[in-house]
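Structure, as structure tokens:
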Amino acid sequence: MRKFYGIILISVVFISHNIIGQTFTNVGPQMGLSHMYLSGFNGGGLSFVDYNSDGYDDLFLSSSFGRSIVVEKNNVTGFINVTQSFNFTEVFESKTTLCSDYDNDGDQDILIVHFLGFLKLYRNNGGTYHDVTASSGLSTDSLNATAAMWFDYNRDGWLDLYVGVYTGFGNNLPKPNKLYKNLGNGNFQDVSVSSNTQNSGNKVLALAVIDYNNDFWPDIYVASDRRYGNSLLKNNANGTFSDVSQQSGAYLEMDAMGLAVGDYDNNGYFDIYISNGEEGNAFLKNNGNGTFSDVAGQLNMSVNRICWGNNFFDYDNDGDIDLYIAVSGGPSDRNNVLFRNNNNGTFTKMTGIGLENDNFQSYGCAIGDVDNNGYIDIACMNTGDPVSLFRSSGGSNKWLKIKLQGTYSNRDGVGSVIEVWRNGTNFKRPVLCGQSYCSQNSLIQTIGVGSVSVIDSVVVYWPSGIRQGVTGINTNQTITIVEAGVIGINNNNSQIPDKFKLAQNYPNPFNPSTVIEYSVPKSTYITIKLYDILGNEISVLESSYKNPGNYFVSLSSNITSRLASGVYYYKLTSADFTDTKKMILIK
């Protein structure tokens, strides 16, 4: 029976590859990438980000002791080393580099995390970079820092900074992690203690933001090495966090070294993949009730090698997220691993697609689209070999690239959740700044949608609380969505509406999900309620204060699963407007 199962599995992989016809090629050498990480503490990470807003993802590469970070500018046909133009002076061992617009002035600033060194924050002033670390209020002490991430923990429109610390060097005192609150005037305040995020004494190697309970407040997951125990810090929506590691099932004692956050089963709740050593990785499935279950063994995704950075992304653009894992060593080989999502709650380890020679000693990995062909490419920081860049050949599936521009929220839209509707089904993607192992993915979201030529709608849940959507979007293009307005989208009007409007839901009839569009011409409090044919209230779909704009609300299976087929009504109410429409559910 085992032999027969193995034959079937191989056949599935072979058929899958032939259907997709998609391959990867390491184009790092031919594109001029020669930088490598030398000896040091557990390698380094990289950022795959468009720092100069020319539409092409560039690379920021960490370096071992004695060299500064390296900046490689993407000029389409290759990369150009432009490090000298940044005037970096420090040569400590760097771990993490992050690009973000922390001051909301429209350009990318640079944070560098040095191990056994200092944090460095460079503010971008019209293309000139200035060291503002000390003047901004960030610590100038040696933190033994490793990972870092930008996020808006209090949702005030300014990016805050969280820094992970690896305890166990120097005098071995239990140094705390650092949460720096962005005061909005170029300065930061250390609120680690008052917010209860210090998480002292751990050996932190990776950090990630996850809204694990879907309350729209960003929570923190901390991955710790040497079995010190991982932590889940719940955002209490009042400037403080609570440690819910034990009761949530997220507390794992392991050699945790990398994190990925994504909704692998498209059930609306974000899951966590955690890399580990040879005893096996963990895959925390979000149960939707505040708890997690480790399904790595059940899904045959433990890997059992020395694993580091990992990333969820839709490599074949079929609408569900796949998983890439960087490997530095192991009992048999150190080939990095790509798992394809089978869209049924299982994954298949891919072979024969050009990754067979991906056997470098890899640590950080990041994703972007180096040639803007709508298919995601993979960059890995290697120790002892040049950085690798595995470019996708692309395929026939359609895609949409989305760039966010916050107005009430932070300029980069970090912390937003993008919800895509196609053919009556939906999936969500988070926008993060700092993940994997000491790395950062592109801020331009590349989203696969399968064979559809027109996407029903895209809904953005901004950190500000604004929920904004656009309908009827043509695929295979790049769009920019501006908070409370949209530009660059065909056949969509970004102007503020001149009157209230409640549109007919679509699709209609529907099963199990549908979308309701409405327009608000002025700031007001609105409700949208669902009723049965007898006028009994079933559910409140929306109840909030809205600024002028066009909005969407989704009626999904978590409500319709308990309803019978039939006619229902939805009603929008504000101080100055009321309208009711009919919808039909068919099961």
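If you're wondering where the values come from, they're calculated on a predicted model, not measured in any experiment. Start at 1 with the first residue, then count along the sequence.
Under the 3.5 Å distance criterion, with hydrogens and angles disregarded, no donor-acceptor pair is assigned to the side chains of Asp160 and Tyr180. For the residue pair Asn81 and Thr83, a side-chain donor N or O sits within less than 3.5 Å of a side-chain acceptor on the partner. Of the N and O atoms on the side chains of Gln22 and Ser392, at least one donor lies less than 3.5 Å from an acceptor on the other residue. Defined by atom type and a distance below 3.5 Å, a donor-acceptor pair is missing between the side-chain atoms of Asn230 and Ser224. Side-chain atoms of Gln405 and Asp412 include no donor-acceptor pair closer than 3.5 Å. In this model, a donor atom of one side chain and an acceptor atom of the other lie less than 3.5 Å apart for Asn382 and Ser362. Side-chain polar atoms of Tyr37 and Glu93 form a donor-acceptor pair below 3.5 angstrom. Using a 3.5 Å distance cut-off with no hydrogens or angles, the side chains of Glu483 and Ser464 do pair a donor with an acceptor. Between Asn202 and Asn199, the side chains place a donor N or O and an acceptor N or O closer than 3.5 Å (distance only, hydrogens not considered). With 3.5 Å as the limit, one finds no donor-acceptor pair spanning the side chains of Tyr437 and Gln435. Between the side chains of Ser192 and Gln198, no donor N or O sits under 3.5 Å from an acceptor N or O.
Within 6.0 Å of NZ in Lys401 there are more than 12 heavy atoms belonging to other residues, nucleotides or ligands. Crowding of Arg67 atom CZ: a count of heavy atoms from other residues, nucleotides or ligands under 6.0 Å exceeding 12. Residue-environment remark: CZ (Phe88) exceeds the threshold of 12 foreign heavy atoms within 6.0 Å. By the 6.0 Å contact criterion, CD on Glu356 is enclosed, its count of non-hydrogen atoms from other residues, nucleotides or ligands being greater than 12.
Ring pair Phe313/Tyr315 is perpendicular by interplanar angle, where above 60° counts as perpendicular and below 30° as parallel. Relative ring orientation between Phe241 and Tyr153 is described as tilted, the plane-to-plane angle lying within the 30° to 60° band. Relative orientation of the Trp150 and Tyr102 rings is parallel, given thresholds of 30° and 60° on the angle between their planes. A tilted orientation is assigned to the rings of Phe86 and Tyr129, their planes being inclined by 30° to 60°.
Comment: Asp294 does not engage Lys285 in a salt bridge, judged by the lack of any side-chain N to carboxylate O separation of less than 4.0 angstrom. Arg411 and Asp105 are not joined by a salt bridge, as no carboxylate oxygen comes within less than 4.0 angstrom of a charged side-chain nitrogen. Remark: Glu279 engages Arg227 in a salt bridge, criterion side-chain N to carboxylate O under 4.0 Å.
A donor-acceptor pair under 3.5 Å is formed between the side chain of Asn310 and the backbone N or O of Ala260. The main-chain N or O of Asn286 is found under 3.5 Å from a side-chain atom of Asp271 such that the two form a donor-acceptor pair. Of the possible donor and acceptor atoms, one in the side chain of Asn104 sits under 3.5 Å from a partner among the backbone N and O of Gly157. Asp109 contributes no side-chain N or O that, together with a main-chain N or O of Cys99, makes up a donor-acceptor pair within less than 3.5 Å. Remark: the backbone N or O of Asp225 is not paired with any side-chain donor or acceptor of Asp255 at under 3.5 angstrom. Side chain of Asp318 to main chain of Asp320: a donor-acceptor pair is present (N/O by atom type, distance under 3.5 Å, no hydrogens or angles). Ser409 contributes no side-chain N or O that, together with a main-chain N or O of Gly406, makes up a donor-acceptor pair within less than 3.5 Å. A side-chain donor-acceptor contact under 3.5 Å links Tyr221 to the backbone of Ala250. Ser64 places a side-chain N or O within donor-acceptor distance of the main-chain N or O of Leu38, the cut-off being under 3.5 Å.
Both cation-pi conditions hold for Lys428 and Tyr461: the charged atom is under 6.0 angstrom from the six-membered ring centre and inside a 45 degree cone around its axis. With a 6.0 Å cutoff to the six-membered ring centre and a 45° limit on the axis angle, Lys349 does not count as a cation-pi contact of Phe339.
The one candidate from Tyr269, Phe312, Phe347, Phe427 that meets the ring-ring contact (aromatic ring centres under 6.0 Å, His included) condition with Tyr264 is Phe347. Between Arg340 and the options Asp322, Asp314, Asp316, a salt bridge (Lys or Arg N to Asp or Glu O under 4.0 Å) holds for only Asp316. When each of Ser275, Ser436, Ser328, Ser439 is paired with Trp308, the side-chain hydrogen bond (donor to acceptor under 3.5 Å, both in side chains) condition holds for Ser328 and for no other.
Ring centers of Phe65 and Phe115: at least 6.0 Å apart, outside the cut-off.
For the pair Leu111 and Leu161, the minimum side-chain heavy-atom distance is below 4.5 Å.
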Carefully, step by step, assess Val49 and Asp58 under the rule side-chain contact (heavy atoms from CB on, under 4.5 Å).
CA-CA 5 Å; Val49 180; Asp58 311 293; over 6 Å; no
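Atoms CG and CG, from Asp369 and Asp57 in turn, are 7.0 Å apart once rounded to the nearest 0.5 Å. Remark: Phe41 CZ to Asn144 CG distance equals 9.0 Å, nearest 0.5 Å.
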